[in-house]
> 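The following block contains the structure, expressed as structure tokens.
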Amino acid sequence: MAAVEVENGDAIPNKRQKLDENSSDSIHCSLKDLSAFKLKTILHNNTTRKTVCLQGTFESKKGNALVILEKTAFAGENLIPESEYFTERSLLSKVFHNDAYGDYKYFPVPELNTIKTTIIHPATDKHILKYSIQQSYMVDETPEIYNSVILPHITKDKFDLQWVYNILEHKSESDRILIEDADPVDGFVTVPDLKWNGELDTLYFLAICNRRDLKSLRDLTGDHLPLLKNIQTKTKEAIQTKYDLDSSQLRIYLHYQPSFYHLHVHFTYLRHEAPGILAERAHLLATVISNLELMSDYYQKVTIPFVVRENDGWFSKFEEKGILKKQNGKSVV
């Protein structure tokens, strides 16, 4: 069965845009600043994660655009005595002081004050929904719900995962591969996640399996233990070798529901609070392996909770079956 890319019931466009970089409609081939971006609205402003998603357009370009700004973590290698943090180039502006305590605004040099920026153009309606503030709901997905609601939808609407296949076939991002195993059954490719800015403190890798018949946790059985253990062992060793980061400092997990339906495993630095690590979505790989060792068909029998947002395609399906109903109250991200 072909893998598909769906998020909470809605087919979503590929995470890597398929638009030809040389196309006259692409903004990504020559964009150097945001002077041509015309802000329309703020879709969400997450003060905890220090991210903001802006919707607008680019002059002379068709279609909506999303600009996602994220303040980056402090890089340890910049926190040294010789750093520009501690020179006259980085300025302080005092707000007030009281006894021993002073409150300041600090303006470090631009090199130390980068903002990670993701630009999506052209942005579809589904992109806009995905990044908008919405009311969220918890669903306890039983095997019956999975088989009657989830599985029919994701098998009916088959969408392109060419960006994944490009990685697996070395057509794209081959220079970014951390480690790979070419075995068609138990092999995988591990690459940096798009959310990683390259700094060790926010380390984030994705291990993507070579098999195309595995969509999510629900497909896993005891037969897939060699694949999971292979991913676990070899990616941990590769991270240890390249970044001198012990496996005890890694958070290794699968998402459910996943953001795209081709089996993959997340590897993040333990002290990095990456998006999607909360209990209602992240399933630790060690626990997944243990569950399959105890019961080969564990994930065909277990109830798996996950979060649905009000504008997700699945919400209406759950409403029709009386599983969920809209609640009044303030929407949350």
> Atom CG in Leu245, atom OG in Ser247: separation rounded to 0.5 Å?
9.0 Å
> Taking atom CG as the centre, does Asp244 end up with more than 12 heavy-atom neighbours from other residues, nucleotides or ligands that are less than 6.0 angstrom away?
no
> When clusters are formed by joining ILVMFWY residues with side-chain heavy atoms under 4.5 Å apart, either directly or through shared neighbours, do Val185 and Val164 land in the same one?
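Val185 and Val164: separate clusters.
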> Shortest non-hydrogen contact from Thr72 to Lys116?
CG2-N, 3.7 Å
> Is NZ or CZ of Arg218 both nearer than 6.0 Å to the six-membered ring centre of Tyr299 and within 45° of the ring axis?
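The answer is no, since Arg218 fails at least one limit relative to Tyr299.
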> Would you please test Ile120 and Ile68 for side-chain contact (heavy atoms from CB on, under 4.5 Å) and show each step?
CA-CA 8 Å; Ile120 302 174; Ile68 304 163; 4.2 Å; yes
> Keeping the roles fixed (side chain from Ser83, backbone from Leu79), state whether a donor-acceptor pair exists under 3.5 Å.
no
> Can you measure from CD (Glu310) to OG (Ser316) and round to the nearest 0.5 angstrom?
11.0 Å
> Step by step, would you call Lys195 with Glu273 a salt bridge (Lys or Arg N to Asp or Glu O under 4.0 Å)?
CA-CA 12 Å; Lys195 292 182 284 295; Glu273 296 183 4; over 6 Å; no
> We want to know whether Asn210 and Asp183 form a side-chain donor-acceptor pair, criterion being a heavy-atom distance below 3.5 angstrom.
no
> Mind checking who shares a hydrophobic cluster with Phe96, ILVMFWY linked at side-chain heavy-atom distances under 4.5 Å?
Val95
> Any heavy-atom pair between the side chains of His266 and Leu254 that's under 4.5 Å?
no
> More than 12 heavy atoms of other residues, nucleotides or ligands under 6.0 Å from CD1 of Ile42: yes or no?
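12 or below, so no.
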> A side-chain contact here means heavy atoms from C-beta on lying under 4.5 Å apart; do Ile128 and Asn64 qualify?
yes
> Quick one: OG1 on Thr190 to CD1 on Ile208, what's the gap to the nearest 0.5 Å?
8.0 Å
> Do any N or O atoms from the side chain of Arg251 and from the backbone of Leu270 form a donor-acceptor pair under 3.5 angstrom?
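Flag set: sc Arg251 to bb Leu270 pair under 3.5 Å.
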> List the atom of Leu227, the atom of Gly187, and the distance in Å for their closest heavy-atom pair.
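Shortest heavy-atom contact: CD1-O, 3.7 Å.
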> Anything under 30° is parallel, anything over 60° is perpendicular, the rest tilted; go ahead and classify Phe306 against Tyr256.
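Rings of Phe306 and Tyr256: perpendicular, as their planes differ by over 60°.
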> Please find the pair of heavy atoms, one from Ser90 and one from Glu84, that lie closest to each other, and give the distance.
OG-O, 2.7 Å
> Using atom types as modelled and distance alone, determine if a side-chain donor or acceptor of Gln300 lies under 3.5 Å from a backbone N or O of Leu220.
yes
> What about the rings of His283 and Tyr253, do their centers lie closer together than 6.0 Å?
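Here the rings of Tyr253 and His283 have centres that are no less than 6.0 Å from each other.
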> Ring centroid separation for His262 and His264, is it under 6.0 angstrom?
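Distance test on ring centres: not under 6.0 Å, no.
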> How close do Asp201 and Arg271 get, counting heavy atoms only, and between which atoms?
OD1-NH2, 2.8 Å
> Measuring from atom CG of Leu112 to atom CZ of Arg89, what distance do you get when rounded to the nearest 0.5 angstrom?
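That separation rounds to 8.0 Å.
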> Between Lys38 and Glu59, is the salt bridge (Lys or Arg N to Asp or Glu O under 4.0 Å) condition met? List the steps.
CA-CA 7 Å; Lys38 303 303 178 184; Glu59 287 181 352; 3.1 Å; yes
> What I want to find out is whether Glu70 reaches Lys50 closely enough, with some N-O distance under 4.0 Å, to be called a salt bridge.
no
> Does atom CD of Glu280 have more than 12 heavy-atom neighbours from other groups under 6.0 Å away?
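Result for CD/Glu280: enclosed.
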> Rounded to the nearest 0.5 Å, what separates atom CG in Leu203 from atom NE2 in His272?
8.5 Å
> Hey, what do you get for OH (Tyr85) to CD (Glu111), rounding to the nearest 0.5 Å?
10.5 Å
> Between the side chain of Trp196 and the main-chain N/O of Thr202, is any donor-acceptor distance below 3.5 Å?
yes
> Atom OH of residue position Tyr243 - does it have more than 12 heavy atoms of other residues, nucleotides or ligands inside 6.0 Å?
yes
> Strictly distance-based, threshold 3.5 Å: is any side-chain N or O of His127 a donor or acceptor partner for the main-chain N or O of Leu66?
no
> Report the C-alpha distance between Thr303 and Thr142 in whole Å, list the side-chain angles of each, state the deciding distance to 0.1 Å, and finish with yes or no for side-chain hydrogen bond (donor to acceptor under 3.5 Å, both in side chains).
CA-CA 4 Å; Thr303 294; Thr142 63; 5.5 Å; no
> Quick one: do Asp181 and Lys234 satisfy salt bridge (Lys or Arg N to Asp or Glu O under 4.0 Å)? Show the steps, please.
CA-CA 9 Å; Asp181 182 330; Lys234 291 183 178 178; 2.8 Å; yes
> Please answer whether the main-chain N or O of Ile115 pairs with a side-chain N or O of Thr117 as donor and acceptor at a distance below 3.5 Å.
yes
> With heavy-atom distances below 4.5 Å as the criterion, would you say the side chains of Val265 and Ile252 are in contact?
yes
> Answer whether the closest heavy-atom distance between the side chains of Leu54 and Leu43 falls below 4.5 Å.
no
> Please check if atom CG in Asp125 has more than 12 non-hydrogen atoms from other residues, nucleotides or ligands closer than 6.0 Å.
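No, not enclosed.
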> Do the non-hydrogen side-chain atoms of Glu180 and Phe188 ever get within less than 4.5 Å of each other?
no
> Are the side chain of Asn147 and the backbone of Pro143 linked by a donor-acceptor contact shorter than 3.5 Å?
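Side chain of Asn147 to backbone of Pro143, a donor-acceptor pair under 3.5 Å: yes, one is there.
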> Whether the Glu293 and Ser290 side chains hold a donor-acceptor pair (N or O, under 3.5 Å, no angle test) is what I'd like checked.
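Looking only at side-chain atoms, Ser290 and Glu293 do not form any donor-acceptor pair under 3.5 Å.
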> Measure the shortest side-chain to side-chain distance between Val149 and Lys321 over non-hydrogen atoms and say whether it is less than 4.5 angstrom.
yes
> How far apart are the C-alpha atoms of Leu285 and Thr287, what are their side-chain angles, what is the distance that settles it, and do they pass the side-chain contact (heavy atoms from CB on, under 4.5 Å) test?
CA-CA 5 Å; Leu285 179 58; Thr287 302; over 6 Å; no
> Quick check, are the ring centers of Phe267 and Tyr204 under 6.0 angstrom apart?
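For Phe267 and Tyr204, the ring centres are not under 6.0 Å apart.
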> So Val67 and Leu34, do their side chains get closer than 4.5 Å, heavy atoms only?
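A side-chain contact exists here, since the closest heavy-atom pair is under 4.5 Å.
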> Using a 6.0 Å cut-off, check whether atom OH of Tyr106 has over 12 heavy atoms from anything other than its own residue.
yes
> Strictly by modelled atom types, are Gln249 and Tyr269 linked by a side-chain donor-acceptor pair under 3.5 Å?
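No pair is found: no donor N or O on one side chain lies under 3.5 Å from an acceptor on the other.
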> With distance as the sole test, does Asn230 use its side chain to make a donor-acceptor pair with the main-chain N or O of Asp186 at under 3.5 Å?
yes
> What is the ring orientation for Trp163 with Phe260, classed by angle as parallel under 30°, tilted 30 to 60°, or perpendicular over 60°?
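Judged by the thresholds at 30° and 60°, the geometry between Trp163 and Phe260 is perpendicular.
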> Mind listing the closest non-hydrogen atom pair of Leu168 and Val189 along with its distance?
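In this case the closest contact between Leu168 and Val189 is CD2-CG2, 3.9 Å.
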> Kindly determine whether Tyr137 and Arg309 satisfy side-chain contact (heavy atoms from CB on, under 4.5 Å), including the steps that lead there.
CA-CA 6 Å; Tyr137 301 80; Arg309 300 194 302 171; over 6 Å; no
> A side-chain contact here means heavy atoms from C-beta on lying under 4.5 Å apart; do Asp219 and Asp213 qualify?
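Asp219 vs Asp213: side chains apart.
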> Evaluate the criterion salt bridge (Lys or Arg N to Asp or Glu O under 4.0 Å) for residue pair Glu173 and Arg176; output intermediate values, then yes/no.
CA-CA 5 Å; Glu173 304 188 42; Arg176 287 159 47 85; 3.1 Å; yes
> Specify the closest pair of heavy atoms between His224 and Leu214, including all atoms of both residues, with the distance to one decimal.
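Closest approach of His224 to Leu214: NE2-CD2, 3.5 Å.
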> Give the C-alpha distance, both sets of side-chain angles, the deciding distance and a yes or no for side-chain contact (heavy atoms from CB on, under 4.5 Å) between Ile289 and Leu225.
CA-CA 7 Å; Ile289 290 173; Leu225 284 169; 3.8 Å; yes
